[in-house]
Each structure stands twice: as structure tokens, then as C-alpha cells.
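Notes follow the structure.
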Amino acid sequence: MTPRKRRAVGRGRRGQRNEAARLTEQLMAEGFSKKQVGEILGRNPSLVSQFFTKNKGASFVEALRAVVQEVQAGGPRSIESLKGLAAAYVQPRLTREGKRARVRGKEVVRAEKTVGKGTERHKEWTSSLARAGRQHIASGASRLYPVVEDAARYGGRIAFTVRAKKKAFKHDAGRLADSPGVRRNVVKRPDSTEERAYGNNVGGPGSGMQGFDAVQFKAWVDAAGGDVTAAVQKWLVDTGRIEPGTQIVGLEIRAWSENR
């Protein structure tokens, strides 16, 4: 029986790891997690895992190398400091046409501020934001409702951006009958959809509403069974902005405190 050949040293998954994965391993050896490496690079930690599983990360090698050198040289180890260092090396993602790719922001954001002095110090809500795409909207867009609740509880204001087929809107972007000043806040998409913003045009006289009253907005949502998308759709139809039955494929709800 022919003896089995011994595997060469350095072969296998570890030996095949790319430079991004190797540098990430060095940071992990210094005590950083994959999540923290993602934060330093300004990317989702799932992408860092793909350095190891899908051979990705070539565009982050220079940033990772700079961070590794800083850490191993005994420099600052705070995430914010290293994030600032890496930012100088991280190249923006490009589309096939060579244009800068749109980076998806966080789906849910909630901000607070600390007020008071001594034992009276406490945190107060200042703003919230949540986004929902086609799939999340189809399943009820549950992440949107807490934003409305926050704003209503603290007497805040609400604005939203809605995405739908361009032909579904009854008015051209920028018309007073739609949303004054919306020309500055309309985004056209390659799939014939548009994003239009309502309630946050604060550019001076004639620039439109400075937010919906959150208590009233929540009443609309509760009347729609807690479905924020349905409430927004009803408002757009009732005010003559979109055609009845229009499917909303994207929705962002923004809320803020008037006292922030």
C-alpha cells in the first residue's frame, strides 16, 4: 500500500489566506475582534469574515497594514483613533462605470444627550432614524414604528423619504403641490423609481413643512394598525401626491426633538 503523502507545511486554508486576512489575524492577536476591525475600516463585520471565507479585502490591505504598524509600534489603540488612521487609506467603492458607489447607512439609529448636573444627570432622546426596503416593508417594516413612538412620547417632529415608481407621483419634483423645495431632495434611480422627501425642508420661506407633529403622525399610524408604510401611503394618496394603489418600495422615517 502506497503511503499517504504528508501535507506540505503552510498549505491548507491558513496557508491560502490572503493579505487582508493575514493582517486581520495580526490585529486579532493584539486583542481586537472582527467586529472592531470592521468598525476601524468603517465596514460591516460580516465583510471582515469574508476576508477569510471568500478571499475578499484587497482594497483594505493598505489600511490594515497601517493600523497593524500603529498598534505594534505602541501607538493609540482606541477604535476612533485607528478608524481615523484607516480612513486615509480606504478607497471608496466604485460601480462598474467607475463612479463612487452609494454606501448603505445604518438601518436604525437612535441618539440621546446627557443633561442635568450631579445626581440629576440623565439621558434624553434627541433623534431617531430607521430605514426599510422592499423586503422589510413586505413583512411589516417593524423597525419603523419605534421611531414614531419615540417622537410622539417626547413631543418631537417627523419627516420621511419615500421611494416609489416615478410615474406613480402625480406631480413633477419641485412642484408646490407636491413638496416645496423637494427638487433638492429627490433621488432618481435606474429602476425608474424616485425618492422624495417630505417634512424636512427647512431652507427658508417657501421651503415647506418643518416636520410633522409626531403625536398626530402616530395617530395616523395607529389608525393603520401600526403599519407605518400604510399610513404614509394613505397620506400621499389623500393629499393627491401619488396614485392609489402605489407600491412603496423604500421608506425612511426621521424624527427629532424640537429642543435638541
Side-chain angles (χ1 to χ4, degrees), residues 102-116 120-133 136-137 140-164 168-187 193-242 246 248-260:
R102 182 170 181 257
V103 179
R104 181 181 297 176
K106 291 183 178 180
E107 302 296 342
V108 180
V109 178
R110 190 179 192 276
E112 297 176 324
K113 67 178 180 180
T114 301
V115 298
E120 296 182 356
R121 288 173 62 86
H122 64 281
K123 291 185 176 181
E124 288 186 355
W125 172 84
T126 58
S127 64
S128 294
L129 176 150
R131 301 185 182 95
H136 193 59
I137 287 173
S142 58
R143 67 167 67 106
L144 300 178
Y145 190 75
V147 174
V148 178
E149 280 190 314
D150 274 344
R153 182 181 302 115
Y154 296 103
R157 311 293 291 180
I158 287 177
F160 62 85
T161 296
V162 62
R163 181 178 176 184
F169 292 99
K170 290 188 174 183
H171 307 286
D172 293 334
R175 295 289 295 273
L176 294 178
D178 184 66
S179 182
V182 76
R183 189 177 299 280
R184 299 189 305 275
N185 298 305
V186 62
V187 180
T193 62
E194 279 189 0
E195 290 183 0
R196 296 196 184 187
Y198 298 93
N200 66 337
N201 302 309
V202 292
S207 66
M209 296 173 290
Q210 296 185 21
F212 297 89
D213 177 77
V215 174
Q216 182 183 39
F217 196 96
K218 183 176 182 296
W220 297 341
V221 174
D222 290 339
D227 189 330
V228 180
T229 308
V232 168
Q233 183 185 50
K234 184 178 186 302
W235 181 84
L236 291 168
V237 171
D238 290 348
T239 56
R241 287 172 165 82
I242 62 171
T246 296
I248 293 176
V249 298
L251 183 60
E252 178 183 276
I253 300 293
R254 299 175 298 283
W256 65 93
S257 168
E258 292 187 287
N259 299 318
R260 65 178 181 177

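- Here the OG-CZ distance, from Ser127 to Arg110, works out to 9.0 Å after rounding to the nearest 0.5 Å.
- A salt bridge does not link Lys113 to Glu124: none of the charged nitrogens lies less than 4.0 Å from a carboxylate oxygen.
- In this structure Ala223 satisfies the side chain to side chain contact (heavy atoms under 4.5 Å, CB included) test with no other residue, sequence neighbours excluded.
- In plain terms, the two heavy atoms of Val221 and Val148 that are nearest each other are CG2-CG1, 4.4 Å.
- Checked against salt bridge (Lys or Arg N to Asp or Glu O under 4.0 Å), Asp227 has no partners two or more places apart in sequence or in another chain.
- Gln233 contributes a side-chain N or O that, together with a main-chain N or O of Thr246, makes up a donor-acceptor pair within less than 3.5 Å.
- The two residues Ala152 and Val215 have their closest heavy-atom pair at O-CG2, 3.9 Å.
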* **Evaluation steps, side-chain contact (heavy atoms from CB on, under 4.5 Å), between Phe217 and Arg157** => CA-CA 9 Å; Phe217 196 96; Arg157 311 293 291 180; over 6 Å; no
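- Between the side chain of Ser128 and the main chain of Ala255, no donor-acceptor pair closer than 3.5 Å is present.
- To the nearest 0.5 Å, atom CG of residue Leu129 and atom CH2 of residue Trp256 are 11.0 Å apart.
- Taking every heavy atom of both residues into account, Val147 and Ile253 meet most closely at CG1-CG2, 3.7 Å.
- With rounding to the nearest 0.5 Å, the separation of CD1 in Ile248 from OG1 in Thr229 is 6.0 Å.
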* To do: For Tyr198 and Phe212, run ring pair (Phe, Tyr, Trp, His ring centres under 6.0 Å): C-alpha distance rounded to whole Å, both residues' side-chain angles, the deciding distance at 0.1 Å, then the answer.
  => CA-CA 9 Å; Tyr198 298 93; Phe212 297 89; 8.0 Å; no
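- Using a 3.5 Å distance cut-off with no hydrogens or angles, the side chains of Thr193 and Arg163 do pair a donor with an acceptor.
- Annotation for Ala130 and Leu144: closest pair O-CD2, 3.5 Å, computed over non-hydrogen atoms.
- Within the 3.5 Å criterion, the main-chain N or O of Gly240 finds a donor-acceptor partner in the side chain of His171.
- A distance of 11.0 Å separates CG of Leu236 from NZ of Lys170, quoted to the nearest 0.5 Å.
- Nearest heavy atom pair, residue Ala224 against residue Ala231, reads CB-N, 4.0 Å.
- Looking at heavy atoms from C-beta onward, Arg131 lies out of side-chain contact with Thr161 at the 4.5 angstrom threshold.
- Counting all heavy atoms, side chain and backbone alike, Arg143 lies closest to Ala132 at NH1-CA, 4.0 Å.
- Annotation for Glu120: atom CD does not count as buried by contact number, only 12 or fewer foreign heavy atoms lying within 6.0 Å.
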